[in-house]
Q: 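This is the structure I have questions about; it appears just below.
Values reported hereafter were calculated over all heavy atoms of this structure, with side chains retained and with hydrogens, waters and symmetry mates removed. Proteins get letters first, then strands, A, B, ... in listed order; numbering begins at 1 in each.
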Amino acid sequence: MRRFELYDTLSRETRMFVPITPPKVGLFVCGLTPYSDAHIGHAKGPVTFDVVARALRRWGYRVFSVQNVTNLDDRLIARGGESGTDPMALADRHMAVWYGDMARLGIRSVNYYPHATDYIPEILAQIQQLVDRGFAYEARGSVYYDIAKFPRYGALSGQKLDALRPGARVDPEPGKRSPGDFVLWKAATPGEPNWESPWGPGRPGWHIEDTAITVRLFGPRYDIHGGGADLKFPHHEAEIAQAEAATGESPLVNFWMHVGLLTLKGEKMSKSLGNVVGLSESIDTFSPQVVRFYYLNAHYRSPLDFVPGRSLEEAAEAYRALDSVAVRLRAARTAAGPDREGEELSPELESSAVSTVEELDELLSHDFNTRETIALLFRWTKTLTELLPKLDGLSTTALDTLLGPHDWAGEVLGLLGASESSAGDGTLSGVIRLALDARARARARSDFTEADRIRDELIAAGVRVEDDGSSTRWRLAGPSV
RNA sequence: GCUGAGGUGGCAGAAUGGUUAAUGCGUCGGACUGCAGAUCCGAUUCCUGGGGGUUCGAUUCCCUCCCUCAGCUCCA
């Protein structure tokens with residue numbers, strides 16, 4: 001198992017990661033509440049933790065990665081009510097889209113997506129524990145957590161209870177002992193989904209599902225808990241308070257990882273501000289790799305400012321440069337077959353390729369600095385470009401060695417991988433090839449009017465045409481690229 | 001107001017108590033091309049918010065001020 005450093009929000013320090021039960025690593029990430037279509041900010045965390053899981057597995061850890069789904073909450077009920085849809089069915093519908101987007105983004109590291117409503121017995125049991133131990137109280141059919149009973153409440157986010165801004169969005173519901181108390185079990189309102197409980201019919205509060213799930217899956221303590229930076233307070237505070245009070249064990253998690261939020265022109269992207277850019281559309285318009293690249297091109301803890309019409313366009317430009325060399329290298333490797341004899345690499349080049357891979361692991365092991373690994377991949381690409389003309393003469397083993405860094409990127413970053421290269425649709429590429437042949441014949445007889453007409457029509461149809469000395473390449477163009 | 005994270009070149013964004021502060025985008029010049037694009041080569045050597053301090057040396061550590069973003073019970 002490779003050793004690595006990880007920043008922990010709770011202790012506010014970067015320290016060596018040590019699993020509770022090596023080589024196992026429990027990774028829990030707060031997933032989403034699928035009450036509407038996902039926007040471009042929502043996938044930043046999942047991509048980040050996908051890389052975390054991929055890297056840990058490469059480094060010899062056995063990761064169990066879990067992302068919960070809050071498939072019932074106030075917003076889902078509200079949205080469902082507007083359209084006369086069952087809130088949980090509405091959640092499922094959005095999740096279908098979400099899973100599709102996750103698959104397109106190459107996120108395959110998540111082992112399990114537990115849904116809140118599948119854990120009602122665990123939730124009820126945990127609430128009962130909290131009541132029994134005196135951390136929670138019932139009022140008017142609801143159960144609240146009494147934050148006064150848990151002195152460490154606020155430690156993660158640095159909030160002081162008595163400093164909570166007076167008149168802020170604290171909701172002094174009748175029955176609450178303190179405005180800061182949060183609901184564990186919400187008494188049923190007619191027409192809403194509900195379950196029987198010792199306190200009457202109701203449904204879970206927002207925070208309780210996570211700890212009910214993690215205690216069930218991981219036990220009272222686990223290794224890494226991730227989520228967006230906006231979840232620190234109160235959500236993650238509540239989780240600590242719930243789990244540690246219920247199980248009597250501490251700390252709930254060893255490392256809290258918080259992902260910097262995506263802002264839109266300096267402001268947080270959110271529905272209420274009306275400044276959202278859709279996730280699915282972004283993937284459609286550009287590509288899953290470009291979206292991934294965009295996120296990973298910054299440190300996961302930094303906030304990232306999204307500028308429509310520029311951010312993904314820039315990422316597309318940068319990624320293409322990186323990818324085109326990877327594609328050509330992989331093509332040469334495919335052409336070489338399983339065991340072609342040929343020129344071997346110079347000792348310097350060979351050791352450079354090997355040490356580049358080692359350096360990639362090393363860079364990533366400092367709090368998952370994906371940006372640094374991308375910078376190194378660019379440098380490696382640069383040394384590769386002068387080799388490009390000689391590729392066809394190299395042996396299979398030489399090509400495999402050269403592909404090391406790209407294979408690393410495919411395995412860990414989910415970029416530049418063998419499977420990620422766009423193969424293209426067979427029919428489409430056949431038709432395009434046909435048009436390009438016609439253009440080539442026109443060019444051969446110096447009929448540039450006809451040649452340019454064909455090219456212009458292809459461009460108008462979204463196909464970019466590039467002559468490269470002897471051959472002509474094409475690719476589907478993104479918008480305004 | 002309180003808590004946290006930051007302020008780096010035209011832009012995006014890393015890093016480190018010490019040779020030219022990574023990388024990318026963009027821009028400029030050259031090569032290639034019928035042209036364009038892509039690609040390649042080169043340049044963009046005068047960039048670390050202000051002010052103090054510690055140090056032989058700070059962008060990095062400390063203090064202070066200013067500014068930005070996020071959180072302060074919807075939030076990835």
Q: Give the B/S/- string for nucleotides 4-14 of chain B, one per nucleotide from 5' to 3', where a protein heavy atom under 4.0 Å of the base yields B, of only the sugar-phosphate yields S, and otherwise -.
A: SS-----SBSS
Q: Give a yes/no verdict on base stacking between B/G24 and A/Phe378: centres under 5.5 Å, planes within less than 30° of parallel.
A: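 A stacking contact does not exist, since A/Phe378 is not both close and nearly parallel to the base ring of B/G24.
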Q: Check the orientation of A/Tyr145 and A/Phe182. Use parallel for under 30°, tilted for 30 to 60°, and perpendicular for over 60°.
A: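 A/Tyr145 vs A/Phe182 ring planes: parallel.
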Q: Applying salt bridge (Lys or Arg N to Asp or Glu O under 4.0 Å), can you list everything that pairs with A/Glu5, at least two apart in sequence or on another chain?
A: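 With neighbours one apart ignored, the set is empty.
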Q: In whole angstrom, what separates A/Leu329's CG from B/U39's C1'?
A: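 Going from CG in A/Leu329 over to C1' in B/U39 covers 16 Å.
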Q: With sequence neighbours excluded, what pairs up with A/Asp456 under the salt bridge (Lys or Arg N to Asp or Glu O under 4.0 Å) test?
A: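 Salt bridge (Lys or Arg N to Asp or Glu O under 4.0 Å) list for A/Asp456, sorted by chain: empty.
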Q: Please measure how far the P atom in B/G24 lies from the corresponding atom in B/A43, and state the result in whole Å.
A: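 Pairwise P distance, B/G24 against B/A43, rounds to 13 Å.
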Q: Rounded to whole angstrom units, what separation is found between the CZ atom of A/Phe233 and the P atom of B/A70?
A: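 Computing the A/Phe233:CZ to B/A70:P distance gives 18 Å.
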Q: Taking side-chain contact (heavy atoms from CB on, under 4.5 Å) as the definition, give me every residue that meets it alongside A/Val253, ordered by chain and number, with sequence neighbours left out.
A: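 A/Val253 satisfies side-chain contact (heavy atoms from CB on, under 4.5 Å) with A/Tyr222, A/His225, A/Trp256 only.
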Q: Name the nucleic acid region contacted by A/Gly227, choosing base, sugar-phosphate or nothing; use a 4.0 angstrom heavy-atom cut-off, strictly under.
A: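 Counting heavy atoms under 4.0 Å across all strands, the contact made by A/Gly227 is with sugar-phosphate only.
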Q: Give the rounded distance in Å between these two atoms: CG of A/Leu363 and P of B/U23.
A: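 Nearest whole value for this atom pair: 13 Å.
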Q: Taking any heavy-atom pair under 4.0 Å as a contact, classify A/Gly31: base, sugar-phosphate, or nothing.
A: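 Sugar-phosphate, backbone atoms only, no base.
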Q: Whole angstroms only, please: what is the CZ-P distance between A/Phe293 and B/U23?
A: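 These atoms are roughly 14 Å apart.
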Q: Donor-acceptor check, side chain of A/Arg54 to backbone of A/Arg108, threshold 3.5 angstrom: yes or no?
A: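 No: the side chain of A/Arg54 does not pair with the backbone of A/Arg108.
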Q: When you measure from the side chain of A/Ala318, which nucleotide among B/C35, B/C25, B/C41 comes out closest?
A: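 Nearest listed nucleotide: B/C25.
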Q: Could you work out the separation of B/G9 and B/G71 based on their C1' atoms and round it to a whole Å?
A: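 The answer is 32 Å between these two C1' atoms.
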Q: If I pick the C1' atom on B/U54 and the same atom on B/G10, what distance separates them, to the nearest angstrom?
A: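 The answer is 36 Å between these two C1' atoms.
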Q: Name the residue closer to the 5' end of RNA chain B, choosing between A/Ala451 and A/Asp230 according to the nucleotide with the nearest heavy atom.
A: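 Upstream on the strand: A/Ala451.
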Q: Expressed in whole Å, how much space separates the P atoms belonging to B/A22 and B/U59?
A: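 Looking at atom P only, B/A22 and B/U59 are 15 Å apart.
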Q: By side chain to side chain donor-acceptor pair (under 3.5 Å), which residues pair with A/Trp408, not counting sequence neighbours?
A: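 Here the qualifying residues are A/Asp361.
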Q: Do A/Arg455 side-chain and B/A36 base share a donor-acceptor contact under 3.5 Å?
A: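 Yes, the side chain and the base share a sub-3.5 Å donor-acceptor pair.
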Q: Under the side-chain contact (heavy atoms from CB on, under 4.5 Å) rule, collect the residues that match up with A/Arg75, sequence neighbours excluded.
A: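 Listed in chain order: A/Thr33, A/Tyr35, A/Asp73.
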Q: Using atom CG of A/Asp50 as one end and atom C1' of B/A76 as the other, report the distance to the nearest whole Å.
A: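 Answer to the nearest Å: 15 Å.
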Q: Would you measure the distance from the C1' atom in B/U39 across to the matching atom in B/G51 and give it in whole Å?
A: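 One C1' to the other, the span is 49 Å.
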Q: Has the side chain of A/Asp467 got a donor or acceptor that lies under 3.5 Å from a partner of the other kind on the base of B/C35?
A: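 Per atom types, the contact qualifies.
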Q: On a whole-Å scale, what distance lies between the C1' atoms belonging to B/U23 and B/G50?
A: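 To the nearest whole Å, 29 Å.
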Q: Anything below 3.5 Å on both distances counts as a pair; with that, list the stems of at least three consecutive Watson-Crick or G-U pairs involving RNA chain B.
A: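 Consecutive-pair runs (3 or more) involving RNA chain B: B:1-7 with B:66-72, B:10-12 with B:23-25, B:26-31 with B:39-44, B:49-53 with B:61-65.
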Q: What does A/Leu32 touch in the nucleic acid at a heavy-atom separation under 4.0 angstrom: a base, only the sugar-phosphate, or nothing?
A: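 It contacts sugar-phosphate atoms only.
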Q: Out of A/Val51, A/Asp323, A/Leu377, A/Leu296, which residue meets the side chain to side chain contact (heavy atoms under 4.5 Å, CB included) rule with A/Leu415?
A: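 Exactly one candidate clears the test, A/Leu296.
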Q: With RNA chain B as reference, determine whether A/Arg328 or A/Val465 sits nearer its 5' end, using the nearest nucleotide of each.
A: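 Nearest-nucleotide comparison on RNA chain B picks A/Val465.
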Q: Please give, in whole Å, the distance from B/U3 P to A/Tyr153 OH?
A: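 So the OH-P distance, A/Tyr153 to B/U3, works out to 17 Å.
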Q: I'd like to know if the side chain of A/Arg3 and the backbone of A/Ser365 have a donor-acceptor N/O pair within less than 3.5 Å.
A: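 Checking the backbone N and O of A/Ser365 against the side chain of A/Arg3, no donor-acceptor pair under 3.5 Å is found.
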Q: A/Thr383: which residues meet the side chain to side chain donor-acceptor pair (under 3.5 Å) condition with it, sequence neighbours left out?
A: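 For A/Thr383 there are no side chain to side chain donor-acceptor pair (under 3.5 Å) partners, ignoring immediate neighbours.
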Q: For A/Leu387 and B/U39, what is the distance between atoms CG and P respectively, to the nearest whole Å?
A: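 These atoms are roughly 18 Å apart.
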Q: Distance between the C1' atoms of B/C40 and B/U33, in whole angstroms?
A: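 Going atom to atom, C1' in each nucleotide, I get 13 Å.
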Q: Of all the nucleotides listed (B/G34, B/C69, B/A76), which has the minimum atom distance to the side chain of A/Phe448?
A: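 Output: B/G34.
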Q: Applying side-chain contact (heavy atoms from CB on, under 4.5 Å), name anything that partners A/Glu82, two or more places apart in sequence or on another chain.
A: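 Here the qualifying residues are A/Arg79.
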Q: Checking contacts here: which listed nucleotide (B/U73, B/C35, B/A70) is nearest the side-chain heavy atoms of A/Arg439?
A: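 The listed nucleotide nearest to A/Arg439's side chain is B/C35.
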Q: Write down the distance separating the P atoms in B/C25 and B/G13, rounded off to the nearest Å.
A: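 Here B/C25 and B/G13 have their P atoms 15 Å from each other.
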Q: Can you check the A/Arg464 CZ to B/U39 C1' distance for me, whole Å?
A: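 The answer, rounded to whole Å, is 13 Å.
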